[in-house]
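The next block holds one structure in the form of structure tokens; read it before the comments.
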Amino acid sequence: GEATIIDAWSFTEAGDKSLRVELERAFNLTSDLGLVAEVFFTKGMGAIRAFKPHPFSPIRPALAERLNTAAEIFEKLGACAVEGKYDGFRLQVHMSAGKVEIYSRKQERVTHMFPDVVAGVKKQMRAREIIFEGEALAYNEDTGEFLPFQETITRKRKYGVSKKAEEMPLRMFAFELLYLDGKDWTNEPYHARRKKLTEIMGKGDVVALAKNVIVKTPKALQKFFDECVSSGLEGIVAKDLSAPYVAGARKFAWIKLKRSYSEKLADTIDVVIVGFYYGKGKRTEFGLGGLLTAVKAGDRFRTVAKIGTGFSEAQMREFHDSLSKISSKQKPAEVDSLLTPDVWVKPRVVVEVKADEITRSPVHKCAWKDNEGLALRFPRLMRVRTDKGADDATTEKEVVELYELQKHASA
DNA sequence: GTTGTCTGCCCC
DNA sequence: ATTCTGC
DNA sequence: GCAGAATGGGCAGACAAC
């Protein structure tokens, strides 16, 4: 990928990879290999070192590492900043000379999808030139409640955007300042970036600052996390107060903690395997790439998720061997499924699965009604329940109850 | 015109 | 998105 | 630790089939 190309450029001048870090930084600040090449080969390393972001070249976003508990995060960062984690689109907003462009996490230009955000930015941000980031999501104006990601994502569209924006306005929660009026803020420490961002935020209905606090004890971190979760957020992102904004990298300067990482708050259910897929690439050699799983409804088994992650290579081999022995030429009569796995399996083997939440599904048959069922979001394998048989699996009714519980949890 | 199936430098 | 693995 | 490669649900859109 880009790394190889950048290494090659480094060799042309230095004879080794020594220039890689600085060249990479320039690339991460503009996402533009051509521009970096032009500057490097015409002006040299001096100009590369002086490189800074500029409006309308998207910066490759910084990403967060993850840990499982507030205590672990505090051990790593000590006193730190903590922000609420909102479940929507990550947007990078650029404004200059009265013009606004918006870029996605993958540096796609998505301005046309967010006319309401564009208007809000123009109205609210007290800056001539700015690059900042935040999370945009749908909210209910009357109750002030956040809408599920499934609602927010309907904004990702080409047609009927303004109608959608009227029906379902977005709110953007800003959390990072990267550039302001000619100055590169990515090298400034977090606390300075946040302070400046706070200063230039004007009043309005569209852009707001992301919930944020500075904690000095693990206990305070835990408390803020609990508050965020009970107010309907996904979790938190903790940030090193003195770290710069590291474009294009997943670093421990940012650490996320989600509701689902905790054993207590995660949705963990026991599902029955009803089929498997052969898999692609490296997984071909194990003979298994994923599982089709179901919950129990009386004497029927209704699909609720495919599982494609969480197993080791050895486990994939074991599944392939053991499941092949109970395979079925056709879909077993007691299984309800719209999906067809490569191999059907008699519903015998129970596995424990973790998920972030339960969503409405167009393809899974669990609790199917009016052309819609229920599915697991981000399903992953935890372990095989050798102690359980198909009769002991989680029931469809229990999944419905979890779904109802989760709907009211964020109220 | 309607319905079904598949895809996406896709969003998470 | 999550997770595992080779480096 | 990091980067890469497997995989998940599900949306709007594109296109084929009817």
Side-chain angles (χ1 to χ4, degrees), chain A residues 1-4 7 24 31 33 58 60-61 63-68 76 85-91 102-110 112-114 135-138 147-161 163-164 168 170 234-235 246 248-253 255-256 258-261 266-267 271 276-286 288-293 303-316 319 338-341 353-364 366 371-383:
Chain A
E2 287 95 13
T4 315
D7 281 346
E24 221 162 34
S31 313
L33 270 182
R60 299 179 73 220
L63 301 173
E65 272 295 349
R66 41 169 296 181
L67 287 173
N68 290 321
K76 193 102 182 177
K85 190 173 192 304
Y86 299 78
D87 190 13
F89 297 111
R90 181 165 180 180
L91 300 184
I102 301 180
Y103 301 90
S104 72
R105 200 187 120 152
K106 294 264 183 78
Q107 297 93 53
E108 291 296 303
R109 208 180 67 88
V110 292
H112 63 281
M113 298 178 196
F114 305 100
E135 193 84 5
L137 65 163
L147 270 58
F149 181 74
Q150 269 179 305
E151 301 282 344
T152 296
I153 204 179
T154 61
R155 182 62 77 85
K156 200 182 88 178
R157 58 171 57 238
K158 197 166 164 183
Y159 308 107
V161 172
K163 181 164 173 273
K164 197 78 183 173
M168 198 187 286
L170 302 186
E234 265 191 308
V246 187
R250 195 181 293 279
K251 286 268 188 280
F252 277 97
I255 306 175
K256 64 180 165 180
K258 287 170 71 169
R259 179 183 172 280
S260 61
Y261 301 166
D267 287 329
V271 294
F276 69 87
Y277 296 84
Y278 292 133
K280 294 177 177 173
K282 190 154 178 29
R283 292 203 180 173
T284 327
E285 64 183 284
F286 312 122
L288 185 136
L291 305 169
L292 180 62
T293 68
T303 68
V304 71
K306 288 194 287 179
I307 317 296
T309 190
F311 16 60
S312 65
E313 295 179 351
Q315 237 170 347
M316 286 188 263
F319 271 125
L338 293 174
L339 302 167
T340 307
V353 171
K354 186 153 89 167
D356 273 29
E357 61 180 347
I358 294 159
T359 62
R360 308 177 104 178
S361 169
V363 297
H364 285 291
C366 172
N371 249 15
E372 205 172 56
L374 293 177
L376 306 181
R377 188 185 187 195
F378 308 141
R380 55 263 203 197
L381 180 78
M382 289 288 104
R383 59 185 170 134

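All chains are named by letter (A, B, ...) in the order of the sequence lines, taking the proteins before the strands, and each is independently numbered beginning at 1.
- Rounded to a whole Å, the CG atom of D267(A) is 16 Å from the C1' atom of dT2(C).
- Heavy atoms of K258(A) sit under 4.0 angstrom from primed sugar atoms or phosphate atoms, though from no base atom.
- Contacts of L376(A) with the nucleic acid, taken as non-hydrogen atoms under 4.0 Å apart, involve only primed sugar atoms and P, OP1 or OP2.
- Among dG13(D), dT5(C), dC11(B), the nucleotide with an atom closest to any side-chain atom of K158(A) is dG13(D).
- Atom P of nucleotide dC4(C) and atom CZ of R383(A) are separated by 15 Å, given to the nearest angstrom.
- For the OP1/OP2 pair of dC11(D) and a distance below 4.0 Å, the side-chain nitrogens and oxygens of R360(A) include no atom meeting the criterion.
- A heavy-atom distance below 4.5 Å is not found between the side chains of T359(A) and F149(A).
- The nucleotide whose nearest atom lies closest to any side-chain atom of F252(A) is, among dG1(D), dG10(D), dC9(B), dG1(D).
- Interatomic distance, OH of Y103(A) versus CZ of R60(A), reported as 15.5 Å (0.5 Å rounding).
- Taking a pair to require two hydrogen-bonding distances under 3.5 Å in either a Watson-Crick or a G-U wobble arrangement, dG4(B) pairs with dC15(D).
- Counting atom types as modelled, T309(A) pairs no side-chain N or O with a base atom of dT7(D) as donor and acceptor under 3.5 Å.
- Among R259(A), K85(A), R377(A), R380(A), the one residue that satisfies the salt bridge (charged side-chain N to carboxylate O under 4.0 Å, His left out) test with D356(A) is R380(A).
- Note on Q150(A): every side-chain N or O is 4.0 Å or more away from OP1 and OP2 of dG9(D).
- Nearest-nucleotide positions on DNA chain D place G248(A) closer to the 5' end than the other of V363(A) and G248(A).
- Of the candidates dG13(D), dT7(D), dG10(D), dG10(D) carries the atom nearest the I153(A) side chain, counting heavy atoms from C-beta on.
- Atom pair L381(A):CG and dT2(C):C1' shows a separation of 12 Å (rounding to whole Å applied).
- Relative to the side chain of K251(A), the nucleotides dA6(D), dC2(D), dC11(D) differ in distance, and dC2(D) lies closest.
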Show your reasoning for whether side-chain contact (heavy atoms from CB on, under 4.5 Å) applies to F378(A) and K258(A).
CA-CA 12 Å; F378(A) 308 141; K258(A) 287 170 71 169; 3.9 Å; yes
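- Contact annotation for K306(A): backbone-only contact, meaning every heavy-atom pair under 4.0 Å involves sugar-phosphate atoms and none involves a base.
- Contact annotation for T152(A): no contact, since no heavy-atom pair falls under 4.0 Å across all strands.
- You'll find the side chain of L137(A) stays beyond 4.5 Å of the side chain of E151(A), heavy atoms only.
- The side chain of A375(A) approaches dG9(D) more closely than any other nucleotide in the set dA6(D), dG9(D), dC12(B).
- When each of dT3(C), dG10(D), dA1(C) is scored by its nearest atom to the side-chain atoms of R380(A), the top-ranked nucleotide is dT3(C).
- If you take CG of D87(A) and P of dT2(C), they are 11 Å apart, rounded to a whole angstrom.
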Go through the steps to decide whether T303(A) and T293(A) satisfy the test side-chain contact (heavy atoms from CB on, under 4.5 Å), and finish with yes or no.
CA-CA 6 Å; T303(A) 68; T293(A) 68; over 6 Å; no
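- The 5' end of DNA chain C is approached more closely, in terms of each residue's nearest nucleotide, by S260(A) than by the other of K282(A) and S260(A).
- For E313(A), the side-chain atoms get nearest to dT5(C) when compared with the rest of dT5(C), dT2(C), dC11(B).
- What separates CZ of F149(A) from P of dA12(D) is a distance of 12 Å, to the nearest Å.
- When both pairing distances are held under 3.5 Å, dG6(C) makes a Watson-Crick or G-U pair with dC2(D).
- With rounding to whole Å, K106(A) atom NZ is found 10 Å from dA1(C) atom C1'.
- Judged by the 6.0 Å and 45° rule, R155(A) forms no cation-pi pair with F89(A).
- Heavy atoms of Y261(A) sit under 4.0 angstrom from primed sugar atoms or phosphate atoms, though from no base atom.
- Residue E108(A) contributes atom CD, which lies 10 Å from atom C1' of dG8(B) at whole-angstrom precision.
- Picking from dG9(D), dC12(B), dC11(B) the nucleotide with the shortest atom distance to the side chain of H364(A) gives dG9(D).
- Rounded to an integer number of Å, the gap from E135(A) CD to dA1(C) C1' is 12 Å.
- With P as the reference atom, dT7(D) and dT7(B) are 15 Å apart, rounded to whole Å.
- When both distances must be under 3.5 Å, the Watson-Crick or G-U wobble mate of dG9(D) is dC11(B).
- Taking side-chain N and O atoms only, T154(A) has no distance below 4.0 Å to OP1 or OP2 of dA12(D).
- A distance of about 23 Å separates the P atoms of dT5(B) and dC9(B), rounded to the whole Å.
- DNA chain D is contacted by both R250(A) and S361(A); R250(A) maps to the nucleotide lying nearer its 5′ end (nearest heavy atom per residue).
- Taking the side chain of F89(A) as heavy atoms from C-beta on, and the options dG10(D), dT5(C), dC11(B), the nearest nucleotide is dC11(B).
- Between dT2(C), dG8(D), dG10(D), one nucleotide has an atom nearer to the side chain of P379(A) than all others, and that is dG8(D).
- Nearest-nucleotide positions on DNA chain C place K85(A) closer to the 5' end than the other of K85(A) and G310(A).
- Residue Y159(A) is classed as a sugar-phosphate contact, given heavy-atom separations below 4.0 Å to backbone atoms only.
- To the nearest 0.5 angstrom, K282(A) atom NZ is 4.0 Å from E285(A) atom CD.
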